[in-house]
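Worksheet: one structure, shown below.
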Amino acid sequence: MEIASWNVNSVKARLSAITTWLDEAKPDIVCLQETKTVDAGFPLEAFEERGYNVAVHGQKSYNGVALLSKYPFEEINARLPGDEDDPQARYLEAVIAGQNGPVRVASIYLPNGNPTQNPDGEPGHHPKYAYKLAWMERLRVHTARLLKFEEPLILAGDYNVIPTKDDVYDAALWADNALFLPQTHAAFNALKWLGLTSAYEQVDGRPHQYTYWDFQGGAWPKNHGIRIDHLLLSGQAADQLKAVRIDSHVRGRERPSDHVPIIGQFEL
DNA sequence: ATGTCGCGTGAAACGCGA
C-alpha cells in the first residue's frame with residue numbers, strides 16, 4: 001500500500017498536475033493540503049473517476065485538507081480537538097479499511113507560524129507563532145490519545161517544520177524562521193517522543209533531500225529547498241514501512257505546486 | 001533584482017498568506 005502526502009497549493013489550479021501524477025504513481029491513499037476551496041467547489045469527479053473515495057475539509061481561500069483513498073473510509077473526523085473556535089481547516093483524519101485491517105490516516109496542514117515577532121517590538125510572540133505552537137500542542141495531545149488504539153497510524157502532511165540543519169540548503173538563513181526556531185523543534189520532538197517514527201528518517205535519511213522550493217528567487221533551479229513534508233508513524237505502521245520516496249521531479253513541470261509528493265510504501 | 005504564486009474582490013490592481 002502506498003500512502004502519499006502532497007501540499008498542492010490550490011486543488012483547482014493544480015488539478016491537471018495532480019491527475020497527471022496520480023495516473024503515473026497510482027498511490028492508494030493521498031493526503032492533500034492547501035486545497036484552498038470550500039467543500040462545494042472541490043473537484044470530486046476527477047478523483048472519483050480514478051477510483052478514489054474522497055473526504056474533504058475545506059474553507060474559503062486558505063488552508064483546506066483532503067483524503068483520497070482506493071479503500072473505503074470506515075470513519076472520518078475533521079478538525080483537531082482542543083479549540084472548538086478554531087476556524088482554520090487544517091486537519092482531517094480517517095480510518096481506512098486496508099486489506100490487512102484498519103489503518104488510521106490524517107492529512108495535516110500545520111500552521112506556518114511566520115512572522116514570529118510582535119510587530120510593535122514588545123517582548124513575546126506574534127499571534128501567528130503562538131497559534132503554531134498551540135496547534136502543535138493540540139496535535140501532541142490528540143496523537144497521545146490515538147496511539148492508545150495501538151493500530152497503524154500515519155500522520156501525513158505539511159508540518160512546516162525543518163527537522164535539522166541538514167534539511168535546508170542554508171540553515172543560517174532560516175535560523176530565526178518559525179519553521180526552524182528551537183521552540184518549533186522542541187514541539188516537534190515532543191510529538192515524536194510519544195513514540196512516532198519519521199518515515200523518511202527510518203528508511204532513507206540522506207541529508208539535503210527537499211520537499212519544498214519557494215516560488216521566489218529561482219529556488220528550484222538553485223535547489224534552495226527545505227524538507228518540511230513528513231509521514232509520522234506509529235510503531236504498528238513503522239513496522240510495515242518498506243520504502244520512502246520524494247517525487248521531486250514534479251516540481252519542474254508546468255504550473256507546479258511549491259511542494260512535491262512524499263510517498264511511503266507499506267506492507268499494510 | 002524589491003526577482004513568485006493563488007485567492008477574492010470586482011472588473012484592474014491590490015491585500016493577504018505562503
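Remember, predicted model here, so these are calculated numbers, not experimental data. Every chain is numbered from 1, with letters handed out A, B, ... down the list of sequences.
- By the rule that hydrophobic residues join a cluster once side-chain heavy atoms approach within less than 4.5 Å of another member, Leu80(A) and Leu133(A) end up as members of separate clusters.
- Taking Phe47(A) as the reference, Phe42(A) meet the ring-ring contact (aromatic ring centres under 6.0 Å, His included) condition, with sequence neighbours excluded.
- Between the CD atom of Gln59(A) and the P atom of dC7(B) there is a distance of 14 Å, given to the nearest Å.
- Arg14(A) has no side-chain polar atom (N or O) that falls below the 4.0 Å cut-off from OP1 or OP2 of dC5(B).
- Of the listed residues (Leu67(A), Leu22(A), Val105(A)), just one forms a side chain to side chain contact (heavy atoms under 4.5 Å, CB included) with Val30(A), and that residue is Leu22(A).
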A correct 5'-to-3' footprint of nucleotides 11-18 of chain B, with B, S and - meaning base, sugar-phosphate only and no protein heavy atom under 4.0 Å, is -----BSS
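- Between dC14(B) and dG10(B), the distance separating the two C1' atoms is 11 Å to the nearest Å.
- The aromatic rings of Tyr169(A) and His224(A) sit parallel, their planes meeting at an angle under 30°, below the 60° perpendicular limit.
- Comparing the C1' positions of dA12(B) and dC7(B) gives a spacing of 15 Å, expressed to the nearest Å.
- dG3(B) and dG15(B) have their P atoms separated by 15 Å, with the value rounded to a whole Å.
- A 4.5 Å side-chain heavy-atom check between Glu75(A) and Arg104(A) finds at least one atom pair inside the cut-off.
- Residues that satisfy the salt bridge (charged side-chain N to carboxylate O under 4.0 Å, His left out) test with Lys192(A), not counting sequence neighbours, are Glu201(A).
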